[in-house]
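Treat the numbers as computed from the prediction; the structure is a model and nothing was measured. Just so we're on the same page: letters track the sequence lines, and every chain starts at 1.
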Protein chains: 2
Amino acid sequence: MTRETAKVSAEGHPLGFAQHDHSTCMNDALAAADARCEEDGLRFTPVRRKVLEILLQDHRALGAYAILDKLREDGFGSQPPIAYRALDFLVANGLAHKIERLNAFIACADTNHAHTPAFMICRLCNAVAEELSSSARNALHEVARATGFKIERTIIEAEGICPSCINKTES
Amino acid sequence: MTRETAKVSAEGHPLGFAQHDHSTCMNDALAAADARCEEDGLRFTPVRRKVLEILLQDHRALGAYAILDKLREDGFGSQPPIAYRALDFLVANGLAHKIERLNAFIACADTNHAHTPAFMICRLCNAVAEELSSSARNALHEVARATGFKIERTIIEAEGICPSCINKTES
DNA sequence: AGACGAAATGTAATAACATGACAAGAGAGA
DNA sequence: TCTCTCTTGTCATGTTATTACATTTCGTCT
Ligand SMILES: [Zn+2]
Ligand SMILES: [Zn+2]
Ligand SMILES: [Zn+2]
Ligand SMILES: [Zn+2]
């Protein structure tokens, strides 16, 4: 998690490893979150909003303590529960996801989908892409039904090398 | 991870949540590990063997420090690296798996298969079943190919309630 | 407006998980 | 036997996450 953490939209790959207008992407996500919380009667407080903003800065997973550092810089509290509570809220309401492989968190790339997506994690540049359709999840439910196991949550993560990094190493 | 950690083969569910002869299961696994290490020129040292035995005690995931406690009881070293190194060995050679969701480890239920299975984790009794065929993994590889992402490892875990615990709560 | 209860935050302390670094020992091959 | 490599012992430290409790904020009811 000591990798550079600056914005990288300019160099190309994040958000599904595809180039995109990042400021738009970020504004849209925040607006969607605002709307969503309004609608559901959730309290989108300053810390919670700030944490989502931090996560939206880049499409990478950030550890709770990295988030905490940024919160401190912006004058928020700096004890672990501050970050963990905000993250719990965001995760519980589908605005962020936890990447178990990394013990880290990422902003949701599309708050308008049926949740529990799959993630693809680049071990070189740390970018994380959210795969929404996820036929893998369906396959998993199939298996579970056969076993009599009642699934409450699925964790599907692939670790490897993203298209952008493949190109770099080939050159 | 503070749940009771005693053997439970008698009460039924683990190992794919199915009843089975646990002492046979354990002996077979150790024998297979012996053979495997012999064959591949790996050094199946006392600590490594002991850690595998500990994991085989029950089909539950155990944290590294829980393992460490048991190692201490049996007169082995008790510093974290002792356990982590043995676990690294077992995982690297397919004799154990790490459950990312729990930050814990489990003995492999079948050393004779092509690895990276899916896991089903019971949140009530902490039992973990290893799903070998895993069509979910294939589905994931499909998606990755389409994206140009090169998968090196997959993590597929389902959290929920096992058949045995479903029965208990219904009664 | 004032009182109240629920939700959110501030803060200190601690638990749980994991690695780095280096010295000492055991094993395999020249 | 020498030497190289892998393994183990041990101390120290780093990273991730939770418990506990006091305080504040906010909506709701009177
Ligand atoms: Zn999402
Ligand atoms: Zn990459
Ligand atoms: Zn296995
Ligand atoms: Zn169960």
**Request:** State which of D:dT10, D:dA17, C:dA18 makes the closest approach to the side chain of B:Arg85.
**Result:** D:dT10

**Prompt:** What residue among B:Leu62, B:Ile155, B:Val128 forms side-chain contact (heavy atoms from CB on, under 4.5 Å) with B:Ile99?
**Reply:** B:Val128

**Prompt:** Between A:Lys98 and D:dA17, is there a side-chain N or O to OP1/OP2 distance below 4.0 Å?
**Reply:** yes

**Under 5.5 Å and under 30°: B:Tyr65 stacked on C:dC17** = yes

**Aromatic A:Phe44 / basic A:Arg49 pairing, under 6.0 angstrom, 45° off normal** = no

**Request:** Starting from P on D:dT19, measure out to CG on A:Asp88 and report it in whole angstrom.
**Result:** 11 Å

**Request:** Please tell me which of the listed nucleotides, C:dA8, C:dG10, D:dG9, lies nearest to the side chain of A:Ile82?
**Result:** C:dG10

**Request:** Round to a whole Å and report the spacing from CG of B:Leu90 to C1' of D:dT7.
**Result:** 14 Å

**Asked** Does the gap between the ring centers of A:His97 and A:Phe105 come in under 6.0 Å?
**Response** no

**Message:** Without decimals, in angstroms, what is the distance between A:Ile67 CD1 and D:dT15 P?
**Reply:** 16 Å

**Prompt:** Is the shortest side-chain N/O distance from A:Thr45 to OP1 or OP2 of D:dT25 below 4.0 Å?
**Reply:** no

**Complete:** Assert: residue with more 5' nearest nucleotide on DNA chain C, out of A:Arg43 and A:Pro81, is A:Arg43

**Prompt:** Which whole-number value in Å describes the distance from A:Tyr84 OH to C:dC17 C1'?
**Reply:** 11 Å

**Request:** Respond yes when some side-chain nitrogen or oxygen of B:Asn103 is under 4.0 Å from OP1 or OP2 of D:dT16, and no when none is.
**Result:** no

**Item:** Of A:Ile67, A:Leu95, A:Ile106, the residue whose pairing with A:Leu55 passes side-chain contact (heavy atoms from CB on, under 4.5 Å)
**Value:** A:Ile67

**Asked** Quick one: on DNA chain C, does A:Gln79 or A:Phe89 contact a more 5' nucleotide (nearest heavy atom)?
**Response** A:Phe89

**Message:** Using whole Å, what does the distance between atom C1' of nucleotide D:dT16 and atom CG of A:Leu62 come to?
**Reply:** 14 Å

**Request:** Could you tell me the separation between the CZ atom of B:Arg48 and the P atom of D:dC6, rounded to a whole number of Å?
**Result:** 11 Å

**Item:** Between C:dA15 (P) and B:Leu68 (CG): distance, integer Å
**Value:** 17 Å

**Request:** Using atom CG of B:Leu87 as one end and atom P of D:dT7 as the other, report the distance to the nearest whole Å.
**Result:** 15 Å

**Prompt:** Once you round to the nearest 0.5 Å, how far does CD1 of A:Ile156 lie from CE of A:Met120?
**Reply:** 12.0 Å

